[in-house]
Amino acid sequence: MDLRYVRYAMAIARAGSLRRAAAALHIAQPTLSEQLRALEKEIGVELFSRSSSGVQLTEAGEAFLAQATVAVDAFERAVAAARSKGETARLGVADGLADVVARLLSQVHGGRLRVAPMGTAEQIVSIADGTLQAGLGYAPGSLPRGVARMLIHRFPVHALLHREHHLAAHETVSLADLAGEPLVMPESDAVAGARRFLEGFVRHRLHPRLGPSAATHDLVITMVREGAGYALCVREGTTIPDTLVFTPIKEDVPPLEVVFLWNRQSEVQELVSAARHLARSG
């Protein structure tokens with residue numbers, strides 16, 4: 001049985017008229033009449049009695065539609081459930097957050113998910129236009145309407161130095177000392193990174209010496225290992241070679257803030273719940 005015919009019968013019952021039902025369904029009245037007759041023929045009973053004033057459900061029609069309405073509702077719920085399981089949500093992840101996304105995904109047990117490397121700024125644009133459902137990135141300055149954010153963790157900024165660097169022997173290092181050394185920065189999330197890392201120098205009227213840039217956080221680590229300079233973008237706890245060391249900074253520097261971003265209209269409740277768990281656990 002074609003469910004369209006059942007839906008048509010339900011519309012006719014609501015409208016009380018073939019003409020009004022046809023207008024509501026945006027189909028021709030003769031077509032609707034023909035499909036109603038086809039349904040009645042298949043069932044073997046008349047569902048409606050016709051008169052000049054309209055149509056009215058017969059006793060058989062009332063019994064049929066009472067059960068058919070339940071069946072159609074159940075079918076539509078089944079379709080919605082299947083589609084929700086079959087849809088692939090997209091999660092953007094900024095460079096340098098592989099360990100964070102791994103912890104987030106360990107809390108996600110249902111649905112299909114595609115993880116895509118993507119800078120924070122691109123995530124925000126894609127989440128706003130609906131092509132991306134959620135993302136993990138670095139704290140942005142502002143967000144467009146419809147994009148929500150949740151702080152996952154604040155990481156104190158430490159200097160990543162080669163163990164043979166003359167500043168690595170100190171328990172702490174000052175911004176004044178670092179300002180004279182080449183600072184290796186990642187190209188990914190460069191604008192947000194520059195704001196976070198350079199603000200501490202500016203507060204103390206220092207002008208840091210910018211060194212070479214690297215395409216990714218992994219390359220930043222490699223360049224520091226090769227002696228190209230020091231880095232501030234690598235979070236303490238990240239796996240680094242034994243030849244490198246994290247050294248605390250004496251002055252207050254704005255922390256690295258990792259955030260979860262999502263579209264308020266997207267069905268990503270499990271991801272949001274997983275992000276909340278991650279934020280609570282640190």
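These figures come from a predicted structure and were not determined experimentally.
Sorted by first then second residue, the salt bridge (Lys or Arg N to Asp or Glu O under 4.0 Å) pairs that include residues 205-221, not counting sequence neighbours, number zero. For residues 228-240, the set of pairs meeting the salt bridge (Lys or Arg N to Asp or Glu O under 4.0 Å) definition, not counting sequence neighbours, comprises Asp99-Arg235. For residues 40-62, the set of pairs meeting the ring pair (Phe, Tyr, Trp, His ring centres under 6.0 Å) definition, not counting sequence neighbours, is empty.
A distance of 8.0 Å separates CG of Leu256 from CZ of Phe155, quoted to the nearest 0.5 Å. Here the CD1 atom belonging to Ile12 is positioned 14.0 Å from the CD atom belonging to Gln56, to the nearest 0.5 angstrom. Rounded to the nearest 0.5 Å, atoms CG (Leu18) and OG1 (Thr31) are 11.5 Å apart. Note that SG of Cys233 is 8.0 Å distant from CG of Leu183, once rounded to the nearest 0.5 Å. Between Ile43 atom CD1 and Tyr5 atom OH the span is 12.0 Å, to the nearest 0.5 Å. Atom CG of Leu161 is separated from atom NE2 of His166 by 8.5 Å, given to the nearest 0.5 angstrom.
Counting only heavy atoms from C-beta outward, the side chains of Leu143 and Leu261 approach each other to under 4.5 Å. Side-chain contact check for His158 versus Ile249: every heavy-atom pair is 4.5 Å or farther apart. Taking the side chain as every heavy atom from C-beta outward, Ser33 and Leu36 never approach each other to under 4.5 Å. When side chains are defined from C-beta on, Pro248 does not count as touching Glu171, because their heavy atoms never get closer than 4.5 Å. Within the 4.5 Å cutoff, the side chain of Leu132 has heavy atoms near those of the Gln123 side chain.
Between the side chains of His165 and Glu181, a donor-acceptor pair is found at a separation under 3.5 Å.
Ser174 meets the side chain to side chain donor-acceptor pair (under 3.5 Å) test with Asp177; sequence neighbours excluded. Scored by the salt bridge (charged side-chain N to carboxylate O under 4.0 Å, His left out) test, Arg203 finds Glu199 as partners (sequence neighbours excluded). The salt bridge (charged side-chain N to carboxylate O under 4.0 Å, His left out) search around Arg90 returns none, not counting sequence neighbours. Every residue was checked against the side chain to side chain donor-acceptor pair (under 3.5 Å) condition with Gln29, not counting sequence neighbours, and none meets it. With sequence neighbours excluded, the residues satisfying salt bridge (charged side-chain N to carboxylate O under 4.0 Å, His left out) with Glu40 are Arg50. Residues satisfying the salt bridge (charged side-chain N to carboxylate O under 4.0 Å, His left out) criterion with Arg154, sequence neighbours excluded, are Glu257. Residues passing the side chain to side chain contact (heavy atoms under 4.5 Å, CB included) test with His204 are Leu175, Leu206, Glu251, sequence neighbours excluded. In terms of the ring pair (Phe, Tyr, Trp, His ring centres under 6.0 Å) criterion, residue partners of Phe260 (sequence neighbours excluded) are, by chain and number, Trp262.
With hydrogens and angles disregarded, no donor-acceptor distance shorter than 3.5 Å links the side chain of Asn263 to the backbone of Gln133. Looking at Arg20, its side chain does come within 3.5 Å of a backbone N or O of Ala15 through a donor-acceptor pair. Judged by distance alone, the side chain of Arg163 and the main-chain N or O of Asp242 form a donor-acceptor pair under 3.5 Å. Between the side chain of Ser281 and the main chain of Leu278, a donor-acceptor pair closer than 3.5 Å is present. Under a 3.5 Å cut-off, the side chain of Ser266 and the backbone N or O of Val268 do not form any donor-acceptor pair.
Under the 4.5 Å side-chain contact rule for hydrophobic residues, Leu151 and Ile124 share a cluster. Leu136 and Val125 fall into different hydrophobic clusters, defined by Ile, Leu, Val, Met, Phe, Trp and Tyr side-chain heavy atoms under 4.5 Å apart, directly or through other members. Placement of Leu25 and Leu65 within a single hydrophobic cluster is found when ILVMFWY residues are connected by side-chain heavy-atom separations under 4.5 Å, directly or transitively. Under a hydrophobic clustering in which Ile, Leu, Val, Met, Phe, Trp and Tyr are joined whenever their side-chain heavy atoms come within less than 4.5 Å, directly or via other members, Val6 and Ile27 fall into the same cluster. Hydrophobic clustering (side-chain heavy atoms under 4.5 Å, transitive across Ile, Leu, Val, Met, Phe, Trp, Tyr) keeps Val253 apart from Val202.
Summarising the geometry of Leu57 relative to Ala13, their closest heavy-atom pair is CD1-CB, 4.0 Å, with the distance given to 0.1 Å. Residue Arg225 comes nearest to His162 through the heavy atom pair O-CD2, 3.1 Å, listed as atom of the first residue, atom of the second, then distance. Considering every non-hydrogen atom in both Pro254 and Gly200, the closest pair reads CD-N, 4.1 Å. Of all the heavy atoms in Ala159 and Val173, the pair that sits closest is CB-CG1, 4.2 Å. A pairwise comparison of heavy atoms in Ala128 and Pro144 identifies CB-CG, 4.0 Å as the closest pair. The minimum heavy-atom distance between Ser17 and Val55, with the atom names listed, is N-CG2, 3.8 Å.
Test Thr172, Leu178, Thr247 against Leu167 for side chain to side chain contact (heavy atoms under 4.5 Å, CB included) and you get one pass: Leu178. Here the options are Val272, Val258, Val259, the test is side chain to side chain contact (heavy atoms under 4.5 Å, CB included), and the partner is Met150; only Val272 passes.
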Show your working on side-chain contact (heavy atoms from CB on, under 4.5 Å) between Leu91 and Arg114 and close with a plain yes or no.
CA-CA 6 Å; Leu91 174 70; Arg114 178 188 172 195; over 6 Å; no
Derivation and outcome, side-chain contact (heavy atoms from CB on, under 4.5 Å), residues Leu104 and Leu271:
CA-CA 8 Å; Leu104 176 73; Leu271 275 175; 4.3 Å; yes
Let's go through Val45 and Thr58 carefully: what are the C-alpha distance in whole Å and the side-chain angles of both, what is the deciding distance for side-chain contact (heavy atoms from CB on, under 4.5 Å) to 0.1 Å, and is it a yes or a no?
CA-CA 9 Å; Val45 297; Thr58 63; over 6 Å; no
For a side-chain contact (heavy atoms from CB on, under 4.5 Å) check, start with the C-alpha distance between Tyr138 and Leu97, then their side-chain angles and the critical distance, and finish with the verdict.
CA-CA 9 Å; Tyr138 301 99; Leu97 300 179; 3.6 Å; yes
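Sparse packing is recorded around NE2 of His207, with 12 or fewer heavy atoms of other residues, nucleotides or ligands lying under 6.0 Å away. Within a 6.0 Å sphere centred on CD of Glu62, other residues, nucleotides and ligands contribute more than 12 heavy atoms.
Hydrophobic cluster membership for Ile240: Leu160, Val184, Val220, Ile221, Met223, Val224, Val234, Leu244, Phe246 (Ile, Leu, Val, Met, Phe, Trp, Tyr linked by side-chain heavy atoms under 4.5 Å, directly or transitively).
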